[in-house]
2 protein chains.
Amino acid sequence: MNMPTFRNWRSVQEEVRRRIHSRKWAPGDLIPNEADLAIEFGCARSTVNRALRSLADSGVLDRKRKAGTRVAAEPVAKATLDIAVIRHEVEEHGAKYGYLLIKRSQTTPPVSVSGAMKTRASEALLHVQALHLSDDTPYAVEDRWINTNVVPEAKLESFEKLSANEWLMKHAPYTHGDIGFSAVQATAEHAEMLNVSQGSALFAIDRLTWDSSASVTMVRLLFTPGYQLRTAL
Amino acid sequence: MNMPTFRNWRSVQEEVRRRIHSRKWAPGDLIPNEADLAIEFGCARSTVNRALRSLADSGVLDRKRKAGTRVAAEPVAKATLDIAVIRHEVEEHGAKYGYLLIKRSQTTPPVSVSGAMKTRASEALLHVQALHLSDDTPYAVEDRWINTNVVPEAKLESFEKLSANEWLMKHAPYTHGDIGFSAVQATAEHAEMLNVSQGSALFAIDRLTWDSSASVTMVRLLFTPGYQLRTAL
DNA sequence: AATGTTTTTATGTACGTACATAATAGCCTG
DNA sequence: CAGGCTATTATGTACGTACATAAAAACATT
């Protein structure tokens, strides 16, 4: 049958995708092993490996040693979101970015915060509230707590011109963290800051980052109604 | 100085992360080239390549041919969300999954739908509305349009027991798509279905998938208040 | 100084061999 | 037959060489 040869891992990947899409290899099916595919495709096993590994990363294939490679029965859609600095996000929309510091104080946080950040309840943290603007209209409110034990330099920064969002990126390295997305109703204060009616549905991003075992910062971003976070599948 | 040798790509990756974290290589800095690092680490260049490529994929490094590799100045946080089948999501919470078909009809969609799906405005599509339950309480409403030109078998499926969410996964392959996350206020109907008060903030996932140049399905999922989509960074 | 051409360089990838490792399947033993 | 040991097998990874390719840098030309 004289198959065309696939000389690079991308073409191998494409061919595998084609076979899955055409149902030649149906969801749940075991596909031939790397060595056999290498022979069939006329390339090295390492090339096949690269292609299949990449497909496994994106959730299309399930691979297990000895058990072999099979087409994912229920392809979990993996959506990779790029959470950029807000200024970039605004500027990419072709709008003018603006920033406004609302509040900056060193106080003891509510227990919900000290609990999540695993700081002592009596410990004062730096609390920064700010507004991000797009073409002079409110875009998002930022409500942030900074662990000044971990980032003492933050105490010297006013955050009047530069947002904590950006300052921390440069000055506070973190090892890991987590992020959550949800919908919340605008409180009276938030509604006023964003210039929307109270109770509006706001898109919320909550982020908590850690440096080893110590929390660095915890932030909630609330976006004006209409905001949508999107990505390709 | 006799550095320990790094014999595998993961340890190389860790060492690179350490150097970035310790600011030995600061954001924006150009780091040594692969060949030099290979000598320093006592491993093959391909091993260094694997480690650096992986870090570039996760946004920690920026690489460009000839220009070299530099530490990302503004590490765009890449959050990878796994969008599972709703039944799985519910069951993983340890709850009992339930499903309820609300409406199923073949009608001409509003122009907003035919426009997005690039079907002729006069073309009838299959409209399916359903409710997903967790321990017998509403969890999410699904509002879906299916392009029956692309998936004619859907016309034969009642969707009374099996959700369109799962049926399509098995029967309607797609080549690409996009997904968006937002916050919306509950309309009167949605509020009733989800048993929440009108105007509540609901988390929305909108998805549109394509098979080559034809749209397969467009769906909006609205989750009950309190829902949060989360992932590690 | 503006423009086009060539060289250089760092990353990107293919290949084939070798060995590591996880997980299954088969075997053995009490 | 249960329980544990062993062999088998498919993926995972390391290595070194070779060549491809993008992009910057250097150079030449007008």
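Any value given below was found using the heavy atoms of this structure, including those in side chains, with hydrogens, waters and symmetry copies removed. The sequence lines fix the lettering, A, B, ..., with proteins before strands; numbering per chain opens at 1. Keep in mind it's a predicted model, so treat the numbers as computed, not measured.
- Taking atom CZ of A/R70 as the reference point, atom P of C/dT24 lies 11 Å away to the nearest angstrom.
- Listed nucleotides D/dT13, C/dT24, C/dC15 differ in distance to B/R10; the shortest reach to its side chain belongs to D/dT13.
- Judged by closest nucleotide on DNA chain C, A/T47 is the one of A/T47 and A/A67 placed further toward the 5' end.
- The separation between B/K66 atom NZ and D/dA26 atom P is 8 Å, rounded to whole Å.
- Listed nucleotides: C/dG12, D/dG12, D/dA14. Nearest to the side chain of A/R65: D/dG12.
- Between the C1' atom of D/dT13 and the CG atom of A/L52 lies a distance of 15 Å, rounded to the nearest Å.
- Residue B/R50 places at least one side-chain N or O closer than 4.0 Å to OP1 or OP2 of D/dT13.
- Between A/L30 atom CG and D/dT9 atom P the separation is 15 Å, expressed in whole Å.
- Ring planes of A/Y139 and A/F223: perpendicular class, angle over 60° (limits at 30 and 60°).
- Atom P of nucleotide C/dT24 and atom CZ of A/R63 are separated by 16 Å, given to the nearest angstrom.
- Taking the side chain of A/C43 as heavy atoms from C-beta on, and the options C/dT11, D/dC15, C/dC15, the nearest nucleotide is C/dC15.
- Both A/N8 and A/K64 lie close to DNA chain C; mapped to their nearest nucleotides by heavy-atom distance, the more 5′-ward contact belongs to A/N8.
- Closest contact between the side chain of A/W9 and the listed nucleotides C/dG16, C/dT13, D/dT9 involves C/dT13.
- The side chain of B/R45 contributes no N or O atom lying less than 4.0 Å from OP1 or OP2 of D/dC15.
- Closest non-hydrogen pair, A/A183 versus B/A183, comes out as CB-CB, 3.6 Å.
- For the atom pair CG of A/L229 and CD1 of A/I83, the computed distance is 5.0 Å after rounding to the nearest 0.5 Å.
- In this structure, the CG atom of A/N49 is 15 Å from the C1' atom of C/dA18, given to the nearest Å.
- In this structure, the nucleotide among D/dT11, C/dT13, D/dC15 sitting nearest to the side chain of A/N33 is D/dT11.
- If you take CZ of B/F41 and C1' of D/dA14, they are 16 Å apart, rounded to a whole angstrom.
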